[in-house]
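Note that ligands are numbered from 1 as they come in the structure, with each ligand's atoms numbered from 1 the same way. Only heavy atoms go into these numbers, but all of them, side chains included; no hydrogens, no water, no symmetry mates.
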Amino acid sequence: MEIVSTVSAARSFLKPLKRAGKRVGFVPTMGALHEGHLSLARTLRQHSDVRVCSIFVNPSQFNDPKDYEAYVISLERDAGLLRREGVDLLFAPSVEEIYPAGYQTTVTVSEVSKPFEGALRPGHFTGVASVVSILFNIVQPDVAIFGEKDFQQLSLIERMVHDLKFDIEIIRGALVRDADGLALSSRNARLSQDGRTHALAISRGLFAAQAAFKQGLRDSARLEELVVESIKSVPNPVIDYVSMVDEGSLAPVRSVSGRCRLLVVARVEGVRLLDNAAFDPARS
Ligand code: PAF
């Protein structure tokens with residue numbers, strides 16, 4: 001695996017491969033890799049000839065500068081994991097390489113950015129859309145994978161790729177859970193043993209809602225309530241939102257009649273945990 005940190009080195013590596021007709025696949029990350037990221041890199045193998053990952057902790061998507069400063073990654077560890085997954089190129093640029101002096105362009109996906117994470121983290125999605133556009137322009141992938149765990153981010157990228165006519169196929173990477181049900185996230189490392197046990201109430205609630213859905217329950221408020229009840233059963237829960245939305249528009253729905261997602265964000269020990277589950281009447 002080649003590791004490069006400049007735009008010109010990334011382009012020099014990729015240009016001859018693209019010219020030779022190779023299909024380039026891309027997984028952008030912010031490092032601190034876990035099995036969820038690695039499963040995306042693995043999926044990429046089935047869809048591309050040349051596999052590219054980026055590790056860039058993007059300052060413009062942190063609405064709280066303290067979170068940015070506290071975000072620690074080990075490039076050596078992450079590079080080792082990607083090498084084992086058969087990644088061909090790791091692009092790990094500096095902040096100055098991506099945002100040189102004088103940088104002033106942003107990309108905003110207006111509607112998808114408004115609710116949920118967008119409302120709670122002003123500017124976050126403009127940071128994401130902008131950096132992903134820059135990375136897409138550098139790597140020029142044929143295919144890119146984004147995980148379903150950050151479902152609103154995935155919707156935003158799909159919308160942006162469609163609207164800006166990027167010639168890139170976006171593949172949805174399945175959400176990966178630990179054996180106990182907790183959705184994998186770099187943030188899980190910040191939980192104490194007890195916090196981790198309490199955090200399981202989130203996935204337990206989602207599984208309860210899915211079971212009720214299988215039994216025929218379609219009312220969104222009642223399905224949401226099963227998740228809320230589960231989370232409220234642990235000490236000091238803070239629920240940011242629990243909302244059944246249409247998969248396409250992310251608009252809240254009163255009843256599940258088409259493909260929907262139940263989006264959940266709760267804080268355990270001050271750690272914001274995102275989770276979601278699919279609800280599809282055609283598949284139940
Ligand atoms: O999901 C992430 O890790 C980031 O938001 C992304 C897509 C790499 C952009 O910085």
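Side chain to side chain, E269 and S192 meet the donor-acceptor criterion of an N or O pair below 3.5 Å. Using modelled atom types, one finds a donor on one side chain and an acceptor on the other under 3.5 Å when comparing T126 with T108.
Of all atoms in ligand 1, numbered sequentially from 1 with element shown, those under 4.0 Å from a heavy atom of V131 are 9 (C), 10 (O). Atom numbering of ligand 1 starts at 1 in the shown order; those under 4.0 Å from a heavy atom of Q61 are 4 (C), 5 (O), 9 (C), 10 (O). Near Q153, with a cut-off below 4.0 Å to any heavy atom, the atoms of ligand 1 are 1 (O), 2 (C), 4 (C), 5 (O), 7 (C).
At a heavy-atom cutoff of 4.0 Å, ligand 1 is contacted by the backbone of T29 but not by its side chain.
Counting all heavy atoms, side chain and backbone alike, Q152 lies closest to V112 at NE2-O, 2.8 Å.
Seen from the ring of F213, R218 counts as a face-on cation partner, given the 6.0 Å and 45° thresholds.
Using cut-offs of 30° and 60° on the angle between ring planes, the pair Y241 and F116 is tilted.
Ligand 1 has no N or O atom lying under 3.5 Å from any N or O atom of N58, backbone or side chain.
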